[in-house]
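Below is one structure; the comments refer to it alone.
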Amino acid sequence: MGTPTTLPPLAIVKHLHYRGKLPLSITTVLICTLAFIGLMYSETIGPFTSKLKSCSKKDSAISSTGDRDGVDSSIDPEMDDRFEFDPEECSVMSGKWVFNSSYEPPYTDMSCPYLDRQVECVKNGRPDTDYQRWRWQPDDCLLPLFDPEKALKKLRGKRLMFVGDSLQRGHWQSFVCLVESIIPEKQKSMKRGRAHSVFKAKEYNASIEFYWSPFLVESNSDLHIVGDPRKRILKVDSIMKHAKHWTGVDILVFNSYVWWMTGLRIKSLWGSFANGEEGYEELDLPVAYRIALKTWANWVDSTINPNETRVLFTTMSPTHMRSADWNHKDGIKCFNETKPVMKKNHWGTGSDKRVMKVVSSVVEKMKVPVTFINVTQLSEYRIDAHSSIYTETGGSLLTDEQKADPLHHADCIHWCLPGVPDTWNQILYAHL
């Protein structure tokens, strides 16, 4: 429950690599050799044994990294999970996507019955599936494999709730699909609602839920969605309409980003909506976002008992609307992209660092610890994994005419499933 609010530091090994004069491989050999000598001459074997194993793990993790061009490695890094993920030692932000041609996702959009048509890319006609076989490999450790049985055991007797927008709904659906296949048909159920949806694993007395709240705070576009962003009004000081549904939940996973990114000033209102538009102020996006996030933070601090409830926050999910960001000047947004960006630390215009700073500055002042599921940098590379033209709009699949006009109709916000959100859940699983 005492998870720090700040992002995890780099591994000690990486620190030695930067500060020392010897290359990491030599340093590793020296450390392991000294540990072995100590083991041979020490009467107390236990501590040295664990240190020796630790060296072996770290060395295995380094040797299995392979080259940096994202192609198949002789050792499958996804299978080599001996260097256990530790949020104190390893940052998931720094790493690379590695292609594994033999990897098969644990579910498909045909096998999992709980996916929205919006994210069922293969079922909607996408001809390629390579985007499903890229695995995220942090520089300093290996993420543990998502084990559905262990995940359900961790959730036994608990409620896990994802709160936020349609990207968070994809995050939720991914988690459900990752665990549901091992549950007998009569031992699971799904109840979908306009705002609140609940998947239950009855044998484990566990529920995996989603609550729709795109701004976290109240707005006039919560259920009856206002299509024109210029007509949306946020009640930035009010959250209880939504938050009353979050009480009693054991693990809360929040997000709120893409609905704020309209490029417009945000109409923000204090007091009652009964006054109509009278009294609202148009605020700059970061200002309105900060007020809303403080409202959320105040609710968490005043309501949540950290000994009973775990709070996590999924960072920004990047959009890929401008192909020039990855030097594809003749491209059309994310349309027809089939490989991730390989440039280290790539950052596009679809991720707003002002918003990141707001989140970190608000969270670091909170009393209740909040764990970041930091998905932004790793998702930035994945220009190939969006729904693109293999999706729906207005409740119907894109027509051939719409597919022929990707500039106006390609969805470069949402992600195909299976796909990138499965990696988000791999990170969430590592934190459970």
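Quick caveat: nothing in here was measured; it's all calculated off a predicted structure.
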- E281 and K267: salt bridge (charged side-chain N to carboxylate O under 4.0 Å, His left out), yes or no, with the steps? CA-CA 6 Å; E281 292 186 35; K267 290 182 178 178; over 6 Å; no

Do [X] and [Y] meet the criterion of a side-chain donor-acceptor pair at a distance under 3.5 Å?
X: S174; Y: N425; answer: yes
X: S317; Y: W415; answer: yes
X: E380; Y: S351; answer: yes
X: H386; Y: H320; answer: yes
X: Q173; Y: D116; answer: yes
X: Y257; Y: D352; answer: no

If you count the non-hydrogen atoms of other residues, nucleotides and ligands that lie under 6.0 Å from [atom1] in [X], is the total more than 12?
X: K294; atom1: NZ; value: no
X: K343; atom1: NZ; value: no
X: E282; atom1: CD; value: yes
X: D400; atom1: CG; value: no

Working to the nearest 0.5 angstrom, can you tell me the gap between [X] [atom1] and [Y] [atom2]?
X: L264; Y: R232; atom1: CG; atom2: CZ; value: 9.5 Å
X: S94; Y: Q137; atom1: OG; atom2: CD; value: 11.0 Å
X: R310; Y: L312; atom1: CZ; atom2: CG; value: 5.0 Å
X: R192; Y: S197; atom1: CZ; atom2: OG; value: 5.0 Å
X: I389; Y: L397; atom1: CD1; atom2: CG; value: 11.5 Å
X: N374; Y: L378; atom1: CG; atom2: CG; value: 7.5 Å

For the residue pair [X] and [Y], what are the closest heavy atoms and their distance?
X: N124; Y: R117; value: ND2-O, 2.8 Å
X: T391; Y: Q118; value: OG1-O, 2.9 Å
X: P106; Y: L178; value: CG-CD2, 3.4 Å
X: F372; Y: H431; value: O-NE2, 4.0 Å
X: Y211; Y: K241; value: OH-O, 3.9 Å
X: V236; Y: A288; value: CG1-O, 4.2 Å

H242 and E218: side chain to side chain donor-acceptor pair (under 3.5 Å), yes or no, with the steps?
CA-CA 7 Å; H242 301 310; E218 187 179 349; over 6 Å; no

Quick check: do [X] and [Y] have side-chain heavy atoms less than 4.5 Å from each other?
X: I427; Y: L143; value: yes
X: R133; Y: E104; value: yes
X: W97; Y: T423; value: yes
X: I182; Y: E149; value: yes
X: W212; Y: S166; value: yes
X: M356; Y: T315; value: no
X: Y204; Y: L155; value: no

Has [X] got a side-chain atom pairing as donor or acceptor with [Y]'s backbone, closer than 3.5 angstrom?
X: D411; Y: S387; value: no
X: S379; Y: T376; value: no
X: D165; Y: L167; value: yes
X: K188; Y: E180; value: yes
X: Q426; Y: P144; value: yes
X: E337; Y: C334; value: no
X: K333; Y: L407; value: yes
X: D422; Y: G419; value: yes
X: K344; Y: G95; value: yes
X: D222; Y: S219; value: yes

Which of L428, V163, V375 passes side-chain contact (heavy atoms from CB on, under 4.5 Å) with T314? Answer is V375

In M261, R265, R290, the residue satisfying side-chain contact (heavy atoms from CB on, under 4.5 Å) with L285 is M261

List the steps, then state whether salt bridge (charged side-chain N to carboxylate O under 4.0 Å, His left out) holds for D384 with R382. CA-CA 5 Å; D384 60 313; R382 295 307 306 276; 2.9 Å; yes

Mind running ring-ring contact (aromatic ring centres under 6.0 Å, His included) on F162 and W424 for me, showing each step along the way?
CA-CA 12 Å; F162 294 82; W424 302 354; 10.0 Å; no

Ring pair (Phe, Tyr, Trp, His ring centres under 6.0 Å) with F175: of F210, F146, F199, only one passes, and it is F146

Only residue of W296, F313, W172 satisfying ring pair (Phe, Tyr, Trp, His ring centres under 6.0 Å) with F254 is W296

Check whether Y131 forms a cation-pi arrangement with R126 (NZ or CZ under 6.0 Å from the six-membered ring centre, at most 45° off the ring normal). yes

Going through the checks in order, is the ring-ring contact (aromatic ring centres under 6.0 Å, His included) test met by W134 and Y381? CA-CA 11 Å; W134 292 91; Y381 302 112; over 10 Å; no

